[in-house]
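The basis for the numbers below is simple: all heavy atoms, side chains too, and nothing from hydrogens, waters or symmetry mates. Fair warning: this is a prediction, and the values are worked out from it, not measured in the lab.
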Amino acid sequence: MNTSWRSASLVVSAVAVLALTTACGSETAPPASSQNVGATAAAGDYGTAGTGLGNGTGYDAGAAGQESAATPTTSAGELSVSTNQELGEVLTDSAGLTLYRFDKDVAEPPKSNCDGDCAKKWPPVPADDAAAGAGIDESLLGSVTRSDGTKQLTVDGWPAYRFAKDTQAGDVNGQGVGGTWYALAPTGKKAQGGGAEAADLPGLSTRNDPKLGEIVIDKNGHTVYRFMKDSPWPMKTACTGECLEKWPVIAPVDAEDTEGIDLKGSGPRGQGYVVFDRPDGIKQQTIDCVPIYTFAGDKKPGDTNGQGVGGTWFAIRPDGKPVGATEK
């Protein structure tokens with residue numbers, strides 16, 4: 001009986017090790033699409049990152065499931081354009097609450113992919129009484145029929161939502177949550193302040209930061225980070241479960257959808273730009289065999305709020321090396 005138990009344990013251990021590693025020299029090229037997967041390390045690993053740009057109490061990405069005490073109005077009414085110091089022009093409803101769009105939705109043809117618990121945190125904006133106010137092109141307003149049969153407002157095809165944790169007019173606590181939620185500009189694009197439109201950026205590229213030098217950014221212009229507790233070879237991750245709500249993984253990005261990234265690296269056969277099959281089933285892009293992430297506390301392009309958090313999170317260079325940290 002004891003011998004069987006030991007044999008079974010060895011088999012389980014072997015499977016666990018295999019699940020935590022990926023052959024870094026894989027010949028399989030990453031797929032063409034890029035999408036961050038929302039997914040937070042122990043509290044001690046975050047430090048005190050920024051949690052919102054609005055006037056309210058802010059949004060704690062680790063407090064999933066805790067709904068705001070305030071209930072936003074169900075009516076959209078006359079839409080307005082407000083100016084946020086960080087994001088520029090932002091679309092709001094008649095109560096001054098910020099409207100958002102979701103990266104996992106589709107604009108052509110319009111389709112919402114936020115239902116169930118998602119729709120409780122991100123209430124869809126009804127289309128029935130929505131009207132264009134000053135500075136808004138009425139032709140951009142439309143509607144999409146949701147799975148429950150209700151009509152949801154669309155802006156240039158993008159389904160519009162409010163955020164349950166925005167409690168005051170002007171709050172933008174939902175900006176950048178999970179790397180997939182962004183305030184709506186009056187044009188239907190993402191309100192992200194100055195810089196290039198997200199649609200103009202490759203899946204991965206670089207920019208020169210005045211303090212950090214040349215660093216990697218994602219398709220939204222947000223800083224890309226690595227976790228010093230991860231291991232490049234054998235490839236392992238120490239950021240799982242709640243950690244991923246603060247540090248969303250970067251999904252596979254096709255090599256042709258990059259600019260300025262070192263696609264060779266120092267992995268086996270010089271192939272460091274490969275996809276990591278994580279033990280939680282998520283596929284994650286790597287640079288130089290290092291798993292890469294964004295930070296939920298970065299609310300707009302150019303933010304580097306994740307730099308040095310917990311002494312373990314650092315922006316990376318085009319070759320995957322950490323900025324301001326010593327590799328062990």
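Residue pairs meeting the disulfide (SG to SG under 2.5 Å) criterion with at least one partner in residues 128-175, sequence neighbours excluded, do not occur; the list is empty.
Note that the OG1 atom of T154 and the CZ atom of R101 stand 12.0 Å from one another [nearest 0.5 Å]. Distance check: L79 CG to L184 CG gives 10.0 Å after rounding to the nearest 0.5 Å. Rounded to the nearest 0.5 Å, atoms CZ (R226) and NZ (K321) are 7.5 Å apart. A distance of 9.5 Å separates OH in Y182 from NZ in K299, rounded to the nearest 0.5 Å. A distance of 9.0 Å separates CD1 in I217 from CG in L204, rounded to the nearest 0.5 Å. Expressed to the nearest 0.5 Å, how far CD of E78 lies from OG of S94 amounts to 8.5 Å.
With hydrogens and angles ignored, the 3.5 Å screen pairs a side-chain donor or acceptor of D257 with a backbone N or O of G203. The closest donor-acceptor contact from the side chain of S205 to the backbone of P202 lies at 3.5 Å or more, if one exists at all. At least one donor-acceptor pair under 3.5 Å links the side chain of Q175 to the backbone N or O of A191. With hydrogens and angles ignored, the 3.5 Å screen pairs no side-chain donor or acceptor of S143 with any backbone N or O of A127. Using a distance-only test at 3.5 Å, with no hydrogens or angles considered, no donor-acceptor pair links the side chain of T258 to the main chain of I261. Checked by atom type and distance alone, the side chain of D262 never pairs as donor or acceptor with a backbone atom of P318 at under 3.5 Å. When atom types are taken as modelled, the side chain of N113 and the backbone of K104 share a donor-acceptor pair closer than 3.5 angstrom.
Across all non-hydrogen atoms, the minimal contact from A315 to L212 is CB-CD1, 4.1 Å. Here the shortest heavy-atom pairing between G135 and P186 reads O-CB, 4.2 Å. P126 and A76 make their closest contact through O-CB, 3.7 Å (heavy atoms, listed as atom of the first residue, atom of the second, distance). Taking every heavy atom of both residues into account, L97 and Q168 meet most closely at CD2-O, 3.7 Å. In terms of heavy atoms, V275 sits closest to Q285 at CG2-OE1, 4.2 Å. Of all heavy-atom pairs between F314 and G308, the closest is CE2-CA, 3.8 Å.
A donor and an acceptor atom, one from each side chain of Y293 and T237, are located under 3.5 Å apart. Residues T294 and D218 bring no donor and acceptor atom of their side chains to less than 3.5 Å of each other. Inspection of the Y161 and S112 side chains reveals an N or O donor paired with an N or O acceptor under 3.5 Å. A donor and an acceptor atom, one from each side chain of T240 and D280, are nowhere located under 3.5 Å apart. Judged by distance alone, the side chains of D288 and Y273 never bring a donor and an acceptor atom under 3.5 Å apart.
A salt bridge is absent between D128 and K151; no separation between the charged side-chain nitrogens and carboxylate oxygens falls under 4.0 Å. Using a 4.0 Å cut-off between charged nitrogen and carboxylate oxygen, R207 and D209 count as a salt-bridge pair. Taking 4.0 Å as the cut-off between side-chain N and carboxylate O, K236 and D230 do not count as a salt-bridged pair. Ionic pairing of K283 and D277 is present here: one or more N-O contacts between side-chain nitrogen and carboxylate oxygen are shorter than 4.0 angstrom. Ion pairing between a basic and an acidic side chain is recognised when a charged N comes within 4.0 Å of a carboxylate O; R317 and D319 show no such pairing.
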Yes or no on side chain to side chain contact (heavy atoms under 4.5 Å, CB included) for T180 and F102, after CA distance, side-chain angles and deciding distance? CA-CA 6 Å; T180 55; F102 185 33; 3.5 Å; yes

Applying side chain to side chain contact (heavy atoms under 4.5 Å, CB included), run through V172 and L87 and close with a yes or a no. CA-CA 9 Å; V172 286; L87 302 179; 4.2 Å; yes

Given the rule in the side chain to side chain contact (heavy atoms under 4.5 Å, CB included) test, do Q307 and V323 qualify, once you have shown the distances and angles that lead to the verdict? CA-CA 8 Å; Q307 176 67 5; V323 178; 4.2 Å; yes

Go through the steps for K190 and D103 under the test salt bridge (charged side-chain N to carboxylate O under 4.0 Å, His left out), then give the verdict. CA-CA 10 Å; K190 300 174 185 178; D103 273 358; 3.0 Å; yes

Show your working on salt bridge (charged side-chain N to carboxylate O under 4.0 Å, His left out) between R146 and D115 and close with a plain yes or no. CA-CA 9 Å; R146 296 178 53 78; D115 293 297; 3.0 Å; yes

So I292 and I316, side chain to side chain contact (heavy atoms under 4.5 Å, CB included) or not? Walk me through it. CA-CA 9 Å; I292 55 177; I316 65 170; 3.5 Å; yes

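In this structure, L91 and I136 have side chains that are in contact, with non-hydrogen atoms separated by less than 4.5 Å. Side-chain contact check for V125 versus D93: every heavy-atom pair is 4.5 Å or farther apart. By the 4.5 Å heavy-atom criterion applied to side chains, T304 and I215 are counted as neighbours. Counting only heavy atoms from C-beta outward, the side chains of V155 and L141 approach each other to under 4.5 Å. Proximity of C239 to K229: side-chain heavy atoms (C-beta onward) are nowhere separated by under 4.5 Å. T223 is not listed as a side-chain neighbour of N305, based on a closest heavy-atom distance of 4.5 Å or more. Under the 4.5 Å side-chain criterion, counting only non-hydrogen atoms from C-beta, V249 is not in contact with F276. Counting only heavy atoms from C-beta outward, the side chains of V90 and V81 never approach each other to under 4.5 Å.
For D156, the side-chain contact (heavy atoms from CB on, under 4.5 Å) partners at least two apart in sequence or on another chain are L140.
Here the rule is ring pair (Phe, Tyr, Trp, His ring centres under 6.0 Å) with W313, and of F227, Y225, F295 only F227 fits it.
The aromatic rings of W122 and W181 sit parallel to each other, their planes meeting at less than 30°, with 60° as the upper class boundary.
For E214, the CD atom is densely surrounded, since the number of other residues' heavy atoms within 6.0 Å is greater than 12.
Counting side-chain heavy-atom gaps under 4.5 Å among Ile, Leu, Val, Met, Phe, Trp and Tyr, W158 is found in no cluster with other residues.
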